[in-house]
Protein chains: 2
Amino acid sequence: MERPSVRRLREEIQQTKPFHDRAHAAGIALVRTADEGRRTFESLVTPHGVSIEQYNVLRILRGAGEKGLPTLEIAARLLEKNPGITRLIDKLEAKELVRRARCETDRRQVFCTITAAGAAIVNELDEPSRRQNQQFFRGLTAAQIDTLLDLLDRVRYPDEKP
Amino acid sequence: MERPSVRRLREEIQQTKPFHDRAHAAGIALVRTADEGRRTFESLVTPHGVSIEQYNVLRILRGAGEKGLPTLEIAARLLEKNPGITRLIDKLEAKELVRRARCETDRRQVFCTITAAGAAIVNELDEPSRRQNQQFFRGLTAAQIDTLLDLLDRVRYPDEKP
DNA sequence: CACAATTAGTTGATGCGTCATCTATTCACG
DNA sequence: CGTGAATAGATGACGCATCAACTAATTGTG
């Protein structure tokens, strides 16, 4: 854990650091910041009986409405691989937060829909998660958040011009 | 009448977005960017027979030198909880990349030291990981990396002045 | 000195992510 | 049509993280 005092010191000598050191420091900061966010968010959702991953599935399914979504479509939206999704939904189904039904027109597909109980959990978490997110970024102004978002996008899409 | 530039238009749109939407978008971008970094780094180290987590342990132990470090000191530097470390080191020990020895003056402690084979792996990965990291941040200028680092630090330490 | 509290570390159970492999179904094309 | 390729999804095996509970050694205190 980088201490604040260490950070100030680092800032003072920043100018002399080569690019790869800055990139290294940024990589570490990225991982640690994301990890901290994950943990605090986890402590918000687990009291409601779901993990972060399960919550994300529920949120996607709530957005999909009555018709639901095929299993792998959920995986795609979560940037996740197939096997994980199957088991994630196994657990959500066991808790009756999600229902599965084979598609009639293409019997390979399994459509997943959220139940009322599942939707209730996601709805309950809307406000708290919004607040928690704002709390998480409270060290930044709105303009700084925009900058952060822009920089993160540039990292993921390095070959775009704007 | 002046014609609004594209950028100006974008800024106007941004200003209409409430803070929590920006924070939400930034949160998602943070997670996705960190995850992408993790995956690409993983593909770099796994061919050398270690996972990212094992690599991080080895790097810490290389830094600790001959004397090594007690198990929980490694955990602290990795921001990780104890049980994970024990098993991580179990595997490194099984691969003979790390050695464990009970401390004589305080027999509760177990000092871990890196073996020559372990150090060889970390050394081999120094250059590639440096290059990979630079590649990962290639979409940013040095100044932008500094800004990113600063913003991430502000997120984690929101209550400091600068 | 003895006993309670603390510290270092391990173990068991559970959840997630990933790879390789497998089944079932549909498609594509000769 | 019919057979081989592609697609949707499930399962097994393994690695990691975390919680709770445990052992062993040390420290602190009356």
Side-chain angles (χ1 to χ4, degrees), chain A residues 31-32 34-43 45-58 68-95 97-98 100-112, chain B residues 31-32 34-58 68-95 97-112:
Chain A
V31 166
R32 298 204 165 180
D35 204 51
E36 184 177 318
R38 214 190 55 76
R39 285 173 206 237
T40 63
F41 197 71
E42 179 129 53
S43 71
V45 303
T46 54
H48 292 250
V50 295
S51 67
I52 291 187
E53 297 80 6
Q54 292 173 1
Y55 170 75
N56 285 334
V57 171
L58 291 181
L69 285 174
T71 304
L72 292 193
E73 177 58 29
I74 302 172
R77 299 200 191 181
L78 285 175
L79 307 183
E80 202 169 313
K81 304 304 192 305
N82 318 1
I85 278 294
T86 293
R87 282 182 264 252
L88 220 40
I89 295 183
D90 284 347
K91 279 164 198 159
L92 289 170
E93 194 181 25
K95 288 189 257 190
L97 304 178
V98 159
R100 277 199 267 215
R102 218 157 250 293
C103 174
E104 286 309 314
T105 70
D106 182 345
R107 297 184 37 72
R108 288 170 304 181
Q109 293 188 337
V110 175
F111 271 77
C112 307
Chain B
V31 166
R32 297 205 165 179
D35 204 51
E36 184 178 316
R38 214 190 57 76
R39 285 171 207 238
T40 63
F41 196 71
E42 179 128 54
S43 70
L44 179 67
V45 302
T46 53
H48 292 249
V50 294
S51 66
I52 290 187
E53 296 80 6
Q54 293 173 1
Y55 170 75
N56 285 334
V57 170
L58 290 181
L69 285 175
T71 304
L72 293 193
E73 176 59 28
I74 303 172
R77 299 199 191 181
L78 284 175
L79 305 185
E80 204 169 311
K81 304 304 191 302
N82 318 2
I85 277 294
T86 293
R87 284 183 263 252
L88 221 40
I89 295 182
D90 284 347
K91 280 163 198 160
L92 289 170
E93 194 180 25
K95 287 189 258 190
L97 304 178
V98 159
R99 213 169 293 127
R100 277 199 267 215
R102 218 156 250 293
C103 175
E104 286 309 315
T105 70
D106 182 345
R107 298 184 38 72
R108 289 171 303 180
Q109 293 188 338
V110 176
F111 271 77
C112 306

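To find a chain, count down the sequence lines: A is the first, B the second, and so on, and within it residues start at 1.
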Euclidean distance, atom CG of residue A:Asp35 to atom C1' of D:dA17 [Å, nearest integer]: 10 Å
Salt-bridge contact A:Glu42-A:Arg38 (side-chain N to carboxylate O under 4.0 Å): yes
Nearest-Å distance for atom pair CG/P, residues B:Asp106 and D:dT26: 5 Å
Rounded distance in Å - CG (B:Leu78) to P (D:dC16): 12 Å
Sugar-phosphate only, base, or nothing, as touched by B:Gln54 at under 4.0 Å among non-hydrogen atoms: sugar-phosphate
Contact under 4.0 Å: A:Arg39 side-chain N or O vs D:dT18 OP1/OP2: yes
Interatomic distance where CD1 belongs to A:Ile85 and P belongs to C:dG15 [whole Å]: 16 Å
Any B:Lys91 side-chain N or O less than 4.0 Å from OP1/OP2 of D:dC14: no
Minimum-distance nucleotide to B:Pro70 side chain [options: C:dT18, C:dG9, C:dT11]: C:dG9
Below 4.0 Å: OP1/OP2 of D:dC16 and any side-chain N or O of B:Lys81: no
Sugar-phosphate only, base, or nothing, as touched by B:Ser51 at under 4.0 Å among non-hydrogen atoms: sugar-phosphate
Rounded distance in Å - CZ (A:Arg87) to C1' (D:dC14): 11 Å
Pair B:Glu36-B:Arg32, salt bridge (Lys or Arg N to Asp or Glu O under 4.0 Å): steps then yes or no: CA-CA 6 Å; B:Glu36 184 178 316; B:Arg32 297 205 165 179; over 6 Å; no
Listed nucleotide nearest any side-chain atom of B:Arg38, set C:dG9, C:dT18, D:dT18: C:dT18
Note, A:Glu80 side chain near A:Leu88 side chain (heavy atom, < 4.5 Å): yes
Whole-Å distance separating the CD1 atom of B:Ile52 from the C1' atom of C:dG17: 12 Å
Under 4.0 angstrom between A:Thr71 side-chain N/O and D:dG9 OP1 or OP2: yes
Toward the 5' end of DNA chain C, by each residue's nearest nucleotide, A:Cys103 or A:Glu53: A:Glu53
B:Asp90 CG - C:dG12 P separation (whole Å): 11 Å
Toward the 5' end of DNA chain D, by each residue's nearest nucleotide, A:Glu42 or A:Leu69: A:Leu69
Sugar-phosphate only, base, or nothing, as touched by A:Leu88 at under 4.0 Å among non-hydrogen atoms: sugar-phosphate
Side-chain donor/acceptor of B:Arg108 to base of D:dT23, under 3.5 Å: no
Under 3.5 Å donor-acceptor pair, B:Arg100 side-chain atoms to C:dG9 base atoms: no
Pairwise 5' ranking along DNA chain C for B:Leu72 and A:Arg102, keeping only the more 5' one: B:Leu72
